[in-house]
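Accompanying notes for the structure given below.
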Amino acid sequence: MEDMYESEHTKFMRELFEKRPHLYEQQKEARAIWWDKKVNQEELKRFKESKEPQKGYVYFDWLDKD
């Protein structure tokens, strides 16, 4: 089988994780902080319903005031 192409970035990441296997756990922990969350659908629905629509150009809201 022919050698498959491997980008420099992929090679760097593979070698980094081989040299420092503890990074896998740190990566999982960091990801769990921001991404791996269970979403409460009821809270999300209430949040979306309570949003007030934004005006087209918010920087000059004083123009609307008379």
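The cluster map of Ile, Leu, Val, Met, Phe, Trp and Tyr, joined by side-chain heavy atoms under 4.5 Å apart, puts M13 and Y24 in the same cluster.
Remark: F12 CZ is loosely packed, at most 12 non-hydrogen atoms of other residues, nucleotides or ligands lying under 6.0 Å away. Remark: E6 CD is packed, more than 12 non-hydrogen atoms of other residues, nucleotides or ligands lying under 6.0 Å away. Annotation: H22, atom NE2; neighbour count of heavy atoms from other residues, nucleotides and ligands within 6.0 Å is above 12.
Classification of R14 and E18 as a salt-bridged pair holds, one side-chain N sitting under 4.0 Å from a carboxylate O. The pair K45-E42 does not meet the salt-bridge criterion, since no charged nitrogen lies less than 4.0 angstrom from a carboxylate oxygen.
Residues L23 and Q26 are in side-chain contact: their nearest non-hydrogen atoms beyond the backbone lie under 4.5 Å apart.
Here the shortest heavy-atom pairing between K37 and I33 reads CE-O, 3.1 Å.
Here the side chain of S50 pairs a donor or acceptor atom with the backbone of R46 at under 3.5 angstrom.
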